[in-house]
S.K.: 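Have a look at this one.
Chain letters run A, B, ... following the sequence lines, proteins first and then strands; every chain starts at 1.
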Amino acid sequence: MKDRNREWENLNEQQKEAVLDDSAACIVNANVGSGKTTVLTAKIHYLHSKCQVDYADMVVLTFTNKAANEIRERLSVRAQEVESRDMRYFGTFHSVALSLLRNLLSVEQLGYTEDFQVIDPEEEVELALQVIREQKLNIKYKNRLKKRLEQEKVSRCQDDLALLRELLQKEKIRQNKMSFADLLQTAAILLKDISLRIKWIIIDEAQDCDRQQMDFVNALKQKDTRLFAVGDPNQVVYSWRSGAWNVFYLLKEQYQARELSLPVNYRSSSSILEAAKRFLQNGSQLTGVRETGQKIWLREQYDSFQDACCLADRIRELHENGLPYSEMAVFYRLQSQSAVFEQVFERNEIPFEVSLKKTIQDIPVLNWLMKLLRFSANHRDLTSGQLVLSHRNYGAGLTENAAGKLLREWEAADKKLEQGGGLAGEDGRKARKPEQGGGPAGEDGRKARKPEQGGSPAGEDGRNGRTQTELLQKMWNFQGYFAELEPQNLKEEELWNYFQLDRHLHPTSSAYPEDKKLVMELFGLLLEDARTKQVPLWEALTDFLNSASLYGINFLKTDSANQSDTVKLMTLHASKGLEFSHVFITGVNNGLIPLQGKGFEEEEEERRLFFVGMTRAKDELELSYYTNPDTIRTFPGPSRFVRMIPPGLLQMDGDLPEKQQEEVNLKELKRLVQEERKAAVSEAAERERSRAADGPEPESEKQHLPELKKATHPKYGTGVILREDELMVTVLFEGYGEKEFLKAFCELQ
DNA sequence: GAAGCCCCGTTTTTT
DNA sequence: ACGGGGCTTC
């Protein structure tokens, strides 16, 4: 047992130092592939088994659920005695905040009740739009409302944005809802009042922390709490989400943190690592331990279609040589670039998986259904209720205003009823419980009441009137109806029938079979959730809705489950944190990689992004660029990033897909060379003229022009030097065009 | 209300 | 480079 618990002794020196570090605050600069998660889990394990720190006295914060799960899993493997309830404060910033708010903090102080709902950003925008409509606020640029609300600074533009912020905050409290930001903020506020005896705070991917997250950490931290953060400033690729700021610097300043680093990369071959190093920012120390490996393949392609065809062949070839599909990945800059690869791979029968953020919100029927459930779970959630009733496909044919009015009437009637005591519950048809439910039927007046229908003006709407109020009534009575039902006896069909979904999902429409399937699947997940947790459906629903916001719902599970050995297609951003034996980065053209940007800072982020992409590769990396790009704002030819890679590390004489293609390219190359020559001649003439006019020209230009220096390259033959500085030489070769060389690397004469 | 001008976003995405 | 939206001007 003891021996198994001393695993940290197998780490390298720097890793060990980080694990054993006992400073009040420590920040570890963990380079790419240097065993960041290993150190993190080893540290947690060390603290527990060697320093007798309970897991419950540690807060371990990650950005994604995936990362949190990985840490938890690795710990369970290391130490069998760990139970998940010990790790109650292991999770994303938001999930830890949520569990604190649910279990320890008194949210009542801020006007919430303890069963508050978590809403995702889209729902928050919907809520904001509703407030704007109802309060008749003057808000400009509604299409960018989300971004405008996020921004902390006061807008220059003259509208009611500040007022909206205020009213939105009040409305969220009224409806008992917290946005993601509210989770962190309210937790930070309420933490000030209590004394949580947290001994260690451990942060993963600290470079991605934003203001709110740092405030939350600050609120968690007490005088004797130790802070251990791990991150890599060279992997900042999401700075556009928060204001770009240096967390490392901030942590050092604020807590006088000790700074350590993990410089050894265990992942990539040294060719790949050497090339990637050119994209490091501040001369970070990064060393490899692996063999040289293959050179980086650089391929010229006519366009993305040619590229996809070529990759399909290449992937098949690699697979035939024994490399599993799952060890290969194709990266691109934009989501829209995936389409060509999907089509071509499909046709070539190459199994693949595209990583895309498909959520239930993208499926209209489920989006509607979730709102229906939200309102059923929380009658104060007028926004959801309104959208359910006024939905143009599945709704009850009400306008937004009419729905809002109706809901407010029900709410008012409800309040009256609450004061006057329950006189409802006797309406068997609408609020009865199923036979096998057993419990004392319908008498839970407080929950299953029904306001009197007579006074409702919406009822005048004849034919639709009944449907409207029936759907509303179903949502309203849901809690009472299902309150004490054990989920074991429940079937998806009962939920379907309860809400009379046949009526709302239009059995005659072509989408109906698919819609019904999806709805049943979602009900299935909800019931399964309730069954595993062994709680009544009612209780399970609130949890289910919150975790749907915070963790998403795995709907595409079935798609990926039937094939596990697949090539992964994803954006460079999505590749962060992953590794593959063989990586293809496509569309390495100016305008795409780096993406057409404005400022210098944005280009630095693009450089880090490319760095992240390259360093995903363990053994082989292949880059491709287009001569006739089909993406907008993309320039033909290799990206300037390609030129930052030492030519000695590149394998360029790629096999062009077809001979014909080769001829086209040669022709084009010749034309380009000729044009360049013409331009050079006319430029020379221009300078000659201006020199004659302005007198003697500066020294540098004089050297440059009269006679072009020549250079000889073992492969390209003899050419003329066009440009030269202390680092690079640009030479024009007959038949090859312009080539740039790093002086230190090339064998030029 | 049409015409012209200015500003901004366009891309990446987790919770 | 282009389009949407807001604002000013006539």
S.K.: Using OP1 and OP2 only, check whether a side-chain N or O of A/Lys140 sits under 4.0 Å from C/dC7.
M.R.: yes
S.K.: Minimum heavy-atom separation for A/Ile198 to A/Thr225, with atom names?
M.R.: O-OG1, 2.9 Å
S.K.: Do the ring centers of A/His582 and A/Phe584 come within less than 6.0 Å of each other?
M.R.: yes
S.K.: Starting at CE of A/Met570 and ending at P of B/dT11, how long is that distance when rounded to a whole Å?
M.R.: 21 Å
S.K.: Just by distance, with hydrogens left out, do A/Gln301 and A/Tyr625 show a side-chain donor and acceptor under 3.5 Å apart?
M.R.: no
S.K.: Please report, rounded to the nearest Å, how far the C1' atom of B/dT11 is from the CZ atom of A/Phe331.
M.R.: 18 Å
S.K.: Does A/Phe180 or A/Leu609 map to a spot on DNA chain B nearer the 5' end, using the closest nucleotide for each?
M.R.: A/Leu609
S.K.: Please evaluate the base of B/dT10 for a donor-acceptor partner in the side chain of A/Arg633 within a cut-off of under 3.5 Å?
M.R.: yes
S.K.: So, is A/Lys146 close to the B/dG9 phosphate, meaning a side-chain N or O under 4.0 Å from OP1 or OP2?
M.R.: no
S.K.: Between A/Asp160 and A/Gln135, is any side-chain donor less than 3.5 angstrom from a side-chain acceptor?
M.R.: no
S.K.: Would you mind classifying the nucleic acid contact of A/Leu595 as base, sugar-phosphate or nothing, using non-hydrogen atoms under 4.0 angstrom?
M.R.: base
S.K.: Any idea which of B/dT15, B/dT11, B/dT13 is nearest the A/Leu550 side chain?
M.R.: B/dT15
S.K.: Without decimals, in angstroms, what is the distance between A/Leu356 CG and B/dT14 C1'?
M.R.: 15 Å
S.K.: Once you round it to whole Å, what is the distance between P of B/dT12 and CZ of A/Phe611?
M.R.: 23 Å
S.K.: Whole Å only: how far is the CD atom of A/Glu606 from the P atom of B/dT10?
M.R.: 14 Å
S.K.: Compare the ring of A/Trp240 with the six-membered ring in the base of B/dT12 and state whether they stack (centres under 5.5 Å, planes under 30°).
M.R.: yes
S.K.: If only side-chain N and O atoms of A/Thr571 are considered, is one of them under 4.0 Å from the OP1 or OP2 phosphate oxygen of B/dT13?
M.R.: yes
S.K.: Base, sugar-phosphate, or nothing for A/Asn143, non-hydrogen atoms under 4.0 angstrom?
M.R.: sugar-phosphate
S.K.: Heavy atoms only: give me the nearest A/Leu149-A/Ala128 pair and the separation to one decimal.
M.R.: CD1-CB, 4.1 Å
S.K.: Please tell me if A/Asn65 has a side-chain N or O lying less than 4.0 Å from either OP1 or OP2 of B/dT15.
M.R.: yes
S.K.: With P as the reference atom in both, quote the distance from B/dT11 to C/dG5 in angstrom, rounded to an integer.
M.R.: 15 Å
S.K.: Atom CD of A/Gln596 and atom P of B/dT11: how far apart are they, to the nearest Å?
M.R.: 14 Å
S.K.: May I ask you to verify if any side-chain N or O of A/Gln335 is less than 4.0 angstrom from the OP1 or OP2 atom of B/dT13?
M.R.: yes
S.K.: Please report, rounded to the nearest Å, how far the P atom of C/dG5 is from the CD1 atom of A/Ile139.
M.R.: 16 Å
S.K.: Quick check on DNA chain C: between A/Gln158 and A/Arg144, whose nearest nucleotide comes earlier from the 5' end?
M.R.: A/Arg144
S.K.: Would you mind classifying the nucleic acid contact of A/Phe63 as base, sugar-phosphate or nothing, using non-hydrogen atoms under 4.0 angstrom?
M.R.: sugar-phosphate
S.K.: For the pair made of CG in A/Asp215 and P in B/dT15, what is the distance, rounded to whole Å?
M.R.: 21 Å
S.K.: How is A/Asp120 classified with respect to the nucleic acid when contacts are heavy atoms under 4.0 Å: base, sugar-phosphate, or nothing?
M.R.: nothing
S.K.: Is the number of heavy atoms from other residues, nucleotides or ligands under 6.0 Å of A/Lys533 NZ greater than 12?
M.R.: yes
S.K.: Could you pick out which residue, A/Tyr551 or A/Leu334, lies toward the 5' side of DNA chain B when each is mapped onto its nearest nucleotide?
M.R.: A/Leu334
